[in-house]
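In this text, all values refer to a predicted model and were calculated from it rather than measured experimentally.
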Amino acid sequence: MGIYVNPRNVAFRRALNGDIYIDKTDLITHVNERIGKPDCFLCVSRPRRFGKSMAADMLAAYYSKGCDSAQLFAGKKAEKAQSFRKHLNQYHVIRLDVQRFVETRRDLDTFIGEMESRIVAELARELELPDRGGCVSDQRLKDVLQQSFYETGHGFIFIIDEWDCVFRMAKARKDVQKAYLDFLRGLFKGSEYVELAYLTGILPIKKYGEHSAINIFGEYSMVDPKNLGEYFGFTGEEVQKECQSHGVDYEEVARWYDGYLLGGLHIYNPKSVVDVLTWKKFKSYWTGTETYEALKVYIDMNFDGLKEAVVMMLGGGRCKIDPTTFQNDMTTFKTRDDVLTLLVHLGYLTYDEKDSVVFIPNQEISQEFMRAVKVGGWDGVMDALKRSKELLASTWAMDERAVADGLGKIHSETASMLKYNDENSLTCAILMAYYSAKAYYLNPIMELPTGKGFADVAYLPKPGVDKPALVVELKWDQNARGAISQIKEKRYGDWVSGYTGEILLVGIGYDKKKKTHQCVIERCNQKERLYQI
């Protein structure tokens with residue numbers, strides 16, 4: 001038994017002894033299917049505090065010859081699989097937490113050699129390797145592993161946590177990054193001694209150019225979880241069960257911490273769920289591990305359309321992105337999509353693979369965005385958000401003049417950040433204007449589908465909330481009356497009426513030359529009224 005070679009099961013035992021434990025051991029069944037096969041290389045990336053290390057500890061406890069873990073897995077889901085007994089504590093395991101070797105920036109030039117020497121020393125001791133023409137401790141790790149494999153015929157399972165911390169610590173050190181990737185490539189590519197390699201971290205495998213530098217690894221990420229989505233956090237069903245056991249309101253937990261979409265599942269951040277179940281207080285738990293300044297660095301980047309996307313998402317909207325150009329590091333950004341994709345991997349956004357859109361997942365993360373925009377450079381957005389409550393009340397009161405006037409001010413306040421005479425900027429202004437609707441309505445539906453077309457934005461009340469549904473139609477460089485007519489012609493009201501009672505139709509018109517806004521508000525079949533500001 002060693003620290004790195006054939007570790008014991010202490011870490012997993014402690015996790016099992018926690019007050020809240022959700023059984024994710026059937027991840028083992030999926031991983032077992034890859035042992036000894038050409039596709040035995042997995043890189044599973046997810047945000048900080050999403051259970052990466054716990055999963056690594058569980059796998060090490062299961063595979064390691066350095067312990068007997070049968071009792072720890074008794075009654076767990078993995079025990080039911082046919083492959084469970086076959087692989088239980090049958091392998092030489094090399095378990096690494098790379099972050100322990102890169103604690104300071106001074107370590108960046110020496111950590112690879114330090115890792116190799118410590119692991120080789122343990123291998124020589126644990127496996128009693130004989131010297132072949134020189135001291136084992138002076139040899140490269142890959143050579144020692146190859147020697148052991150030829151001597152014994154037994155391969156190794158590698159479980160490497162925080163594999164990507166080098167790219168976070170050495171953001172500007174391309175030499176260090178390349179040396180590290182070369183080390184991993186030499187360790188794994190074409191190596192007969194690898195039975196399984198499981199890497200976990202925040203980022204997927206780093207790319208150089210368009211190709212992965214270690215292209216043998218299959219990637220499971222927040223953008224593409226494949227069939228492992230349920231192991232990236234807690235599922236809705238699991239959280240609901242724990243809420244019942246601990247006497248916590250599940251609907252409120254969902255509002256605060258739900259929203260991550262992975263493989264068609266709603267996934268919750270384990271850190272936040274465990275803390276709210278423990279302390280019975282709804283607040284930001286996970287975001288305490290990352291300061292708002294870290295988020296602000298990225299959303300302040302000067303990429304065309306980035307701030308517009310953030311404004312839209314603050315209002316509950318969703319933004320189309322192409323995540324394929326992201327280079328899987330924290331410095332190589334060429335487009336706004338690269339920045340938004342990084343925020344998905346960091347846990348600040350979630351990605352809907354079906355529609356290729358990103359959005360802010362929940363109340364906890366929304367608060368973090370609000371903290372970030374409060375600190376300089378976003379004054380217009382903050383002013384617009386302050387007006388939102390008043391504008392929503394004016395909409396309910398059907399005060400068209402007040403809505404048109406308020407929208408005009410909000411549009412002007414955000415114009416310094418957005419393209420004022422741009423149809424998309426008007427949509428952003430609408431979302432900002434109705435930001436306070438979050439307290440009463442579900443997330444806004446963008447381009448609401450109907451039998452004959454699309455409405456621009458629709459707000460449906462939350463269950464039990466006695467407020468009218470809002471269907472908002474925008475007319476760029478046309479009058480508001482035309483917007484109302486389009487709502488009626490396409491029968492948006494009929495579609496929404498299946499979800500709520502009273503409906504307000506809100507027609508917005510914008511005159512591009514005069515930079516004026518118009519508003520018409522009607523209940524279904526109510527007399528028309530028009531004011532122009």
Side-chain angles (χ1 to χ4, degrees), residues 11-25 27 46-55 57-58 72 75-77 202 222 229-262 265-295 313-314 316 346-350 359-372 374 385 389 435-443 461-467:
F12 183 54
R13 185 186 299 274
R14 286 176 178 168
L16 292 176
N17 290 336
D19 293 332
I20 298 172
Y21 172 77
I22 292 180
D23 186 354
K24 295 288 185 177
T25 60
L27 171 64
R46 40 184 146 159
R48 189 182 301 277
R49 308 305 293 272
F50 266 65
K52 299 186 300 294
S53 297
M54 183 175 174
D57 291 336
M58 177 186 71
L72 296 184
K76 300 295 185 293
K77 294 178 181 179
I202 293 175
M222 297 294 284
E230 65 182 286
Y231 307 108
F232 277 66
F234 296 162
T235 66
E237 183 178 351
E238 291 166 341
V239 173
Q240 190 167 18
K241 182 178 179 181
E242 292 297 324
C243 285
Q244 292 172 351
S245 298
H246 290 81
V248 176
D249 182 0
Y250 171 70
E251 295 299 328
E252 190 67 3
V253 171
R255 186 175 76 85
W256 270 86
Y257 311 112
D258 187 13
Y260 294 99
L261 301 181
L262 289 101
L265 298 171
H266 280 252
I267 296 296
Y268 291 69
N269 174 356
K271 159 71 175 171
S272 299
V273 171
V274 168
D275 282 354
V276 76
L277 293 178
T278 300
W279 306 113
K280 310 292 194 296
K281 292 177 67 176
F282 291 94
K283 65 177 187 177
S284 297
Y285 291 105
W286 172 76
T287 50
T289 68
E290 292 278 354
T291 63
Y292 71 84
E293 287 93 344
L295 173 60
M313 290 186 292
L314 277 172
L346 293 177
Y348 289 110
L349 297 175
T350 190
F359 57 95
I360 298 172
N362 52 47
Q363 177 68 18
E364 182 178 40
I365 305 302
S366 181
Q367 285 193 355
E368 199 72 1
F369 270 89
M370 290 298 292
R371 291 189 186 101
K374 281 180 181 178
L385 294 177
K389 190 173 183 179
Y435 176 82
S436 62
K438 289 183 175 184
Y440 310 95
Y441 294 87
L442 302 171
N443 286 333
K462 293 178 179 179
V465 174
D466 185 22
K467 296 295 181 184

Tell me the closest heavy-atom pair linking [X] and [Y], and the distance in Å.
X      : Y      : answer
Lys271 : Tyr285 : CE-O, 4.1 Å
Gly233 : Pro270 : CA-CG, 3.7 Å
Pro461 : Lys467 : CG-O, 3.0 Å
Met313 : Phe359 : SD-CA, 3.7 Å
Tyr268 : Ala254 : OH-CB, 3.4 Å
Gly229 : Ile267 : O-CD1, 3.5 Å

### Task
For side-chain contact (heavy atoms from CB on, under 4.5 Å), just list the numbers for Val465 and Tyr441, CA-CA rounded to whole Å, side-chain angles, deciding distance to a tenth of an Å, and then say yes or no.
CA-CA 8 Å; Val465 174; Tyr441 294 87; over 6 Å; no
### Message
Under the criterion side-chain contact (heavy atoms from CB on, under 4.5 Å), I'd like the reasoning laid out for Leu277 against Cys243: C-alpha separation, chi angles, the key distance, then a yes or no.
### Response
CA-CA 7 Å; Leu277 293 178; Cys243 285; 4.1 Å; yes
If you round to the nearest 0.5 Å, how far is [atom2] of [Y] from [atom1] of [X]?
X      : Y      : atom1 : atom2 : value
Thr350 : Asn362 : OG1   : CG    : 9.0 Å
Ser366 : Trp256 : OG    : CH2   : 9.5 Å
Lys52  : Ile202 : NZ    : CD1   : 5.0 Å
Tyr348 : Glu364 : OH    : CD    : 10.5 Å
Asn269 : Asp258 : CG    : CG    : 11.5 Å
Gln240 : Glu251 : CD    : CD    : 7.5 Å

Using atom types as modelled and distance alone, determine if a side-chain donor or acceptor of [X] lies under 3.5 Å from a backbone N or O of [Y].
X      : Y      : result
Trp286 : Ile365 : no
Lys76  : Lys24  : no
Arg46  : Tyr231 : yes
Asp23  : Lys77  : yes
Lys462 : Lys438 : yes

### Message
For Arg371, is there an ion pair with Glu368 - N to carboxylate O distance below 4.0 angstrom?
### Response
yes
### Task
Look at atom CG of Asp466 and say whether more than 12 heavy atoms of other residues, nucleotides or ligands are closer to it than 6.0 Å.
no
### Query
Given the rule in the side-chain contact (heavy atoms from CB on, under 4.5 Å) test, do Glu242 and Val274 qualify, once you have shown the distances and angles that lead to the verdict?
CA-CA 9 Å; Glu242 292 297 324; Val274 168; over 6 Å; no
### Task
With Phe50 as reference, evaluate Tyr257, Tyr260, Phe234 under the ring pair (Phe, Tyr, Trp, His ring centres under 6.0 Å) test and give the passing residue.
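Result for ring pair (Phe, Tyr, Trp, His ring centres under 6.0 Å) with Phe50: Tyr260.
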### Task
Output, in order, the C-alpha distance, side-chain angles, deciding distance and verdict of side-chain contact (heavy atoms from CB on, under 4.5 Å) for Leu72 and Leu16.
CA-CA 8 Å; Leu72 296 184; Leu16 292 176; 3.9 Å; yes
